[in-house]
Amino acid sequence: MIATPLFLTVIAASVVLAAPSLTTSGCDISNAEISLPSGLPPPTSPPSYISVAIGVQNYTCADTGAYTSAGAVAELFDISCLLGTPAFDHIQDLAFNIWKALPSKVTAEKVIELLHLAKTPAILGQHYFITNPITGSGLSPKWDFTSQGATKGNPNAFVVGARSGGVPAPTGPQDVDWLFLTGVQGQLADQIYRVDTRGGQPPATCTPGSAPISVKYASKYWLFGGSIHQS
Ligand SMILES: *[C@@H]1O[C@H](CO)[C@@H](O)[C@H](O)[C@H]1NC(C)=O
């Protein structure tokens, strides 16, 4: 049998992300408090999911020679059971370092596919973009938990968000903005926050006509409210 180093790396990544506390998911988060910088409004509903995500931010090169955002795709892992442990504050660094260390030819989709093969119980779902369901044009972010875990098979276990606020990452310009989004469709959440971001920023300039790029990132996503809760 030929086990490629690549495959082993991905399995190692999934084991690290899954172990040890992440193998148990669905811990009580009702008392969890998100810490937000000034500029992001506090949530108005109780927390429903707390996750760490790895994925890519996509960009297209505009005629002005600057990259503009063109969606993202990411995989979300339950970190509810890390609450109150030292690992909670640093999990996005661990996730980002593993993700960055994988060769660039290993796409987020490939990692997601392999993680699903490993049936990691801590996977909550996926984050990706769809055509804005309200206006029918432009892209809207979606968090989709319909194919994983406790919410698998529930067609309403998703939320489509609209950006309601954002601030530069407190950690510096190399990290994508922290965001506050409001749910506009689906029953998974009423409010979504992207915080503790790592990476994901495009180069400052591009050559007009050049191909779209994908930049690796990690972050936490906190979901609040909604009617589909984990515990
Ligand atoms: C982002 O790029 C990845 C490839 O890196 C692609 O699979 C995905 O569909 C893209 N998503 C969007 C919204 O463009």
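Both counts, for ligands and for their atoms, begin at 1 and track the order of listing. What you see is a predicted model, and the numbers here were worked out from it, not measured in a lab.
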Within the 4.5 Å heavy-atom criterion, are I54 and F77 side-chain neighbours or not?
yes
Between I91 and K220, is any pair of side-chain heavy atoms under 4.5 Å apart?
yes
Using the side-chain hydrogen bond (donor to acceptor under 3.5 Å, both in side chains) rule, take Q57 and Q201 through it: C-alpha gap first, then chi angles, then the decisive distance, then the call.
CA-CA 8 Å; Q57 294 286 326; Q201 294 282 34; over 6 Å; no
At less than 3.5 Å, what protein N or O atoms come close to the N or O atoms of ligand 1? Include the distances to 0.1 Å.
unit_1: ligand 1; atom_1: 2 (O); unit_2: N58; atom_2: OD1; d: 2.9
unit_1: ligand 1; atom_1: 2 (O); unit_2: N58; atom_2: ND2; d: 2.5
unit_1: ligand 1; atom_1: 2 (O); unit_2: S214; atom_2: OG; d: 3.2
unit_1: ligand 1; atom_1: 5 (O); unit_2: S214; atom_2: OG; d: 2.7
unit_1: ligand 1; atom_1: 7 (O); unit_2: E109; atom_2: OE2; d: 2.8
unit_1: ligand 1; atom_1: 11 (N); unit_2: N58; atom_2: ND2; d: 2.7
unit_1: ligand 1; atom_1: 14 (O); unit_2: N58; atom_2: ND2; d: 2.9
unit_1: ligand 1; atom_1: 14 (O); unit_2: A70; atom_2: O; d: 3.4

In this structure, are over 12 heavy atoms from other groups packed under 6.0 Å from E33 atom CD?
no
Stepwise, does the ring-ring contact (aromatic ring centres under 6.0 Å, His included) test hold for F129 with H127?
CA-CA 7 Å; F129 280 68; H127 167 48; 5.5 Å; yes
Which atom of N58 lies closest to which atom of S214, heavy atoms considered
OD1-OG, 2.8 Å
